[in-house]
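To start, the structure under review is shown below, and the notes come after it.
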Amino acid sequence: MLCRTCAFIFKRQLPSVVYLRKNLSGKELQQDERDPGKYFFDDKVQALMKKLTRMDLEKVFRIRKEGQKLETPEYKFMTTEDLENEMEKMMEKADRLLQMPPFVKEREEINTILANDKHIQGFETSKFVFTDISYGSSDRDRVIVVREPNGILRKANWEERNRMNQIYFERIGRKIKPPPMFEDKYLRDLLERKEYVFTLDRACIQFEPDDRDFIRVRNAVYDHANENKEFESLRSTRHFGPLAFYLAWKNQIDFLLIDLIDGDRLDEAVSLIELYQVLQPSSKIAGKKDQIKGDIEIIKAYAELSSLRRQDVEMAIKNYSQRQFHNIGEDDQAMAQLNS
Amino acid sequence: MSFRKSRTLPSMAIRFVRLGCTNRPFYHIVVMNIRANQHEEPIEQVGSYDPLPNVNNEKLVALNFDRIRYWMANGARFSKPLEELLGLAGFLPLHPRTVLNAWRNRLNKPDEEGKNENKE
């Protein structure tokens, strides 16, 4: 009951602190502190990311070496209708498997002091952590408080909360102490071996999406993949959408764009630029959304107005049009031979 | 009849049960008949308490406050050690014994200045 009163008082005081911080921070900081979550959950952005993921059923239902027992495939005779139904079901399943881990802002630290009882200073040499295990509360809103040896009663910070939630409400696959693979030393080794999907999947199990460690690991993986132009291993996994989102957010979509053009996927390249326009509303290309028509024209406009590697992008387009030209030429020749 | 009834002790207690083994105590926090032996079957378990600090120097307590409130309303009485713990959790007022112990600890382990004073 004491707790509740204190919490109420602090809740009332909190907004003023937030307001103060907002006003103190400069304009540049505010630009950097935009909440990506607002954009990420937008339907249009989701659709664009889904398109960029390029769902490949072979890859989605690939056999993963996760230590599970492998089952022998089952063969069945089916009518066309049954087959269509089955395919529909599998498409739904694939959609579920490709659900993207949220790209959100880092959560704020918890620094709430509920009571400061100085007269019990030194009652113990260790901390007490109290967890409310009542039914019906989620890991996020569960009440967890800490009594320090100096008499301070405070809300548990995120690190303590993670540990307590894992101790009393276990999640399969998650460890109480994060495994060393997420430490910089070992993470670097993983990245050099290009274990992107493994690292990201493990991070998704271990951390919450707004955890500082998750954001650090995710950004490190995406940066490494981008610098080494290793998009193929991430494609058609649930991490490709957030990768595109991250690159557009950080204004670094050039490598991915060139990769798409080189793979003759102009429609996806245009989607990527569209994503860029949504996420960078202050960029030059964003203003000219509806004026330009034609895939190549849009890409050219992007290269001209907003790209940081203009020459490379233009070179890729040039190569693409040459390839198209040759292909058409070959087709014509083939047609001519057929006709004759 | 009513006079007699009011004089009867509460029938339920919320208390610790010592589990674990030799030199390694671990407690369940249970609701049980006030006169029953601790190792008899409880009415309900409402929490646990690990009195040995872990690597992070924390003693872990889990409490189901919903059920504790419910049993409180049904007239269950807390044992003294549990009352202390709930006081520390901010659920009940701080127990006098916690304050007393803190005071004693401070007397027994005075800081540097205090030591010097004692010697002199």
Side-chain angles (χ1 to χ4, degrees), chain A residues 1-10 112-137 139 141-170 176-178, chain B residues 25-31 44-73 78 81-111 114:
Chain A
M1 275 164 261
L2 188 72
C3 243
R4 219 186 247 173
T5 355
C6 293
F8 179 69
I9 292 165
F10 274 96
T112 315
I113 291 173
L114 301 169
N116 191 355
D117 299 310
K118 279 179 184 159
H119 55 292
I120 60 160
Q121 207 163 19
F123 73 101
E124 255 291 346
T125 49
S126 42
K127 287 184 265 183
F128 277 88
V129 184
F130 298 94
T131 312
D132 182 9
I133 53 166
S134 306
Y135 292 113
S137 55
D139 280 4
D141 54 39
R142 182 163 294 124
V143 178
I144 301 177
V145 294
V146 178
R147 176 73 78 170
E148 300 271 3
N150 58 9
I152 288 175
L153 182 68
R154 61 171 172 84
K155 283 191 180 173
N157 58 32
W158 285 115
E159 190 261 330
E160 286 159 343
R161 287 188 69 90
N162 288 344
R163 258 187 301 122
M164 293 309 122
N165 280 329
Q166 182 58 16
I167 285 172
Y168 293 112
F169 301 90
E170 191 181 356
I176 292 175
K177 191 183 164 214
Chain B
F26 183 82
Y27 298 101
H28 277 187
I29 297 162
V30 297
V31 183
E44 187 181 345
Q45 186 195 344
V46 291
S48 67
Y49 169 45
D50 183 357
L52 295 193
N54 63 11
V55 281
N56 300 306
N57 198 18
E58 290 162 341
K59 296 183 176 183
L60 306 186
V61 189
L63 294 159
N64 189 339
F65 285 113
D66 274 1
R67 297 305 290 168
I68 290 176
R69 271 193 214 107
Y70 169 80
W71 287 114
M72 250 174 104
F78 295 115
L82 184 60
E83 242 172 11
E84 277 187 67
L85 214 55
L86 289 174
L88 290 175
F91 183 72
L92 297 180
L94 277 173
H95 197 273
R97 192 146 67 169
T98 315
V99 182
L100 194 64
N101 280 345
W103 180 64
R104 278 185 187 144
N105 288 348
R106 286 201 299 269
L107 274 188
N108 291 340
K109 278 187 189 172
D111 48 4

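What you are looking at is a predicted structure, and each value in this text was computed from that prediction instead of being measured. Every chain is numbered from 1, with letters handed out A, B, ... down the list of sequences.
With a 4.5 Å cut-off on side-chain heavy atoms, Phe130(A) and Leu86(B) do not count as touching. Residues Val61(B) and Arg147(A) have side chains not in contact (no heavy-atom distance under 4.5 Å, counting atoms from C-beta outward). A heavy-atom distance below 4.5 Å is not found between the side chains of Phe65(B) and Val143(A). Side-chain contact between Leu88(B) and Ile120(A) is present, with heavy atoms from C-beta onward closer than 4.5 Å.
Heavy atoms of Lys177(A) lying under 4.5 Å from chain B are absent altogether. Heavy atoms of Leu94(B) lying under 4.5 Å from chain A belong exclusively to its side chain. Neither the backbone nor the side chain of Ile144(A) comes within contact range of chain B; no heavy atom of the residue lies under 4.5 Å from a heavy atom of that chain. At a 4.5 Å heavy-atom cutoff, the contact between Tyr168(A) and chain B is made by side-chain atoms alone.
Put simply, CZ on Phe123(A) and NE2 on His95(B) are 14.0 Å apart, with the number rounded to the nearest 0.5 Å. Once rounded to the nearest 0.5 Å, the distance linking CG of Asn56(B) with CZ of Arg163(A) reads 4.0 Å.
Remark: Trp158(A) CH2 is packed, more than 12 non-hydrogen atoms of other residues, nucleotides or ligands lying under 6.0 Å away.
A distance-only check finds no donor-acceptor pair linking the side chain of Arg106(B) to the backbone of Gly122(A) [under 3.5 Å]. A donor-acceptor pair is defined here as one N or O able to donate and one able to accept, closer than 3.5 Å; such a pair exists between the side chain of Ser134(A) and the backbone of Asp66(B).
The minimum heavy-atom distance linking Ser126(A) with Asn57(B) is given by the pair CB-OD1, 2.8 Å. Across Lys59(B) and Glu124(A), no two heavy atoms sit closer than the pair NZ-OE2, 2.9 Å.
Each of Val146(A), Asp132(A), Thr125(A) has some count of heavy-atom pairs under 4.5 Å with chain B, and the biggest count is that of Asp132(A). Across Asn54(B), Val46(B), Leu60(B), the residue that shares the most heavy-atom pairs under 4.5 angstrom with chain A is Leu60(B). The candidate with the highest count of non-hydrogen atom pairs below 4.5 Å against chain A, out of Pro53(B), Gly47(B), Ala102(B), is Ala102(B).
In this structure, the salt bridge (charged side-chain N to carboxylate O under 4.0 Å, His left out) partners of Asp50(B), at least two apart in sequence or on a different chain, are Arg24(B).
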